[in-house]
Amino acid sequence: MERRERADAARNRQAILRAAEELLRRHPPEQVSVERVASAAGVGKGTVFHRFGSRTGLMLELMTERARELEQAVTEGPPPLGPGAGPAERLVAFFAAVAALAARNGNLMAAHEHAMVTRKSAAEQPREANPIYLFWHRHVSELIAERRPDVDAGQIAHMLLGTLHMEPVASQLRAGQYEGLAASFAAIVRGLMGEE
């Protein structure tokens, strides 16, 4: 019986994630409530809260699913995104990949941001404690520090990643426009890293 319950829980989790993703494709993020996701997934609202804790938790889980592939490419994939290329080349490839990921998942990112801003519990984690952000920040910091040990790599990494949340940049990403942003990131990175 215990095995069946775990299988049911896994099916419910996938149904909830699929429903949330589909709703985000068709509706503005502020219209994608836990109640609406539960109804579309064919589960009770309590099931969503039990599995994800909150709307913020649900959006974070969806973001984590999308970011997992990028994390694997960064840690195990071929260069330039993965190991084997120089730090500047890897950083350019990383920001191009992040921009593409954000553009493909614009409503999801906006929903996650909306959930973070409107969360009811102050005890919920800030963006900087988000596991996705922590991985991205660590990766960017390490690449900067490798090439530029003379600068505060952690602070610069926060600044670079923070631009993704600035409204002019975020609105371009939500509209699926990432090629120009990737080129701009490349120019900034090459200047920072002292490469042409």
Side-chain angles (χ1 to χ4, degrees), residues 21 24-25 28-29 56 59-119 124-196:
E21 186 173 41
L24 285 167
R25 279 195 191 108
T56 302
M59 296 307 150
L60 177 58
E61 186 69 20
L62 263 174
M63 283 296 300
T64 300
E65 292 271 324
R66 298 298 162 263
R68 203 168 278 138
E69 186 178 309
L70 175 58
E71 183 174 337
Q72 186 173 12
V74 164
T75 57
E76 303 169 13
L81 192 54
E89 192 179 359
R90 288 193 75 195
L91 202 51
V92 166
F94 175 76
F95 277 108
V98 167
L101 175 71
R104 283 193 312 270
N105 296 281
N107 269 357
L108 172 55
M109 291 187 77
H112 181 256
E113 286 296 308
H114 181 262
M116 293 296 285
V117 168
T118 60
R119 68 190 186 271
E124 292 187 65
Q125 296 179 329
R127 176 188 304 144
E128 292 75 18
N130 178 316
I132 298 166
Y133 185 88
L134 289 173
F135 174 80
W136 290 5
H137 182 265
R138 184 174 61 251
H139 179 62
V140 171
S141 297
E142 288 171 356
L143 292 175
I144 293 169
E146 184 178 340
R147 178 82 174 144
R148 293 289 309 274
D150 59 314
V151 301
D152 184 341
Q155 186 63 36
I156 292 171
H158 281 308
M159 293 168 71
L160 288 171
L161 291 167
T163 62
L164 294 167
H165 300 283
M166 293 170 52
E167 186 48 38
V169 172
S171 65
Q172 288 180 56
L173 291 172
R174 284 193 300 272
Q177 302 167 356
Y178 66 91
E179 293 91 350
L181 291 172
S184 295
F185 271 122
I188 291 168
V189 166
R190 289 191 179 108
L192 169 68
M193 304 294 246
E195 297 194 1
E196 294 300 320

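All values below come from the heavy atoms of this structure, side chains included, with hydrogens, waters and symmetry mates left out.
We find that R90 and E142 are not joined by a salt bridge, their nearest charged nitrogen and carboxylate oxygen being 4.0 Å or further apart.
Residues forming a ring-ring contact (aromatic ring centres under 6.0 Å, His included) with F95 (at least two apart in sequence, or on another chain): F185.
When atom types are taken as modelled, the side chain of R66 and the backbone of L101 share no donor-acceptor pair closer than 3.5 angstrom. Judged by distance alone, with hydrogens and angles left aside, the side-chain atoms of R147 form no donor-acceptor pair with the main-chain N or O of P87 at under 3.5 Å.
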Side-chain donor-acceptor contacts of residues 67-81 below 3.5 Å, not counting sequence neighbours, with atom names and distances?
| from | atom 1 | to | atom 2 | distance (Å) |
| --- | --- | --- | --- | --- |
| R68 | NH1 | E65 | OE2 | 3.3 |
| T75 | OG1 | E71 | O | 3.0 |
| T75 | OG1 | Q72 | O | 3.4 |

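Annotation: the span from I188 atom CD1 to I156 atom CD1 amounts to 11.5 Å, rounded to 0.5 Å. Here M166 contributes atom CE and S171 contributes atom OG; the two are 10.5 Å apart, rounded to the nearest 0.5 Å.
Scanning all heavy atoms of the two residues, the minimum distance from L181 to Q177 falls at CD1-O, 3.6 Å. The two atoms that bring G154 and S141 nearest to each other are CA-OG, 3.5 Å, heavy atoms only. Contact record, V140 with A157: CG1-CB, 3.6 Å, taken as the closest heavy-atom pair. Taking each heavy atom of L164 and A170 in turn, the nearest pair found is O-CB, 3.8 Å. The shortest heavy-atom contact between L173 and A102 is CD1-CB, 3.7 Å. Taking both residues in full, the closest heavy atoms of Y178 and A99 are given as CB-O, 3.5 Å, listed atom of the first, atom of the second, then distance.
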Just do the side-chain contact (heavy atoms from CB on, under 4.5 Å) check on L160 and I144 with the steps written out, would you?
CA-CA 11 Å; L160 288 171; I144 293 169; 4.1 Å; yes
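Proximity of T56 to M59: side-chain heavy atoms (C-beta onward) are nowhere separated by under 4.5 Å. Between L143 and V189 the shortest side-chain heavy-atom distance does not fall below 4.5 Å.
Ring orientation note: the planes of F94 and W136 are nearly perpendicular, at an angle over 60° on the 30°/60° scale.
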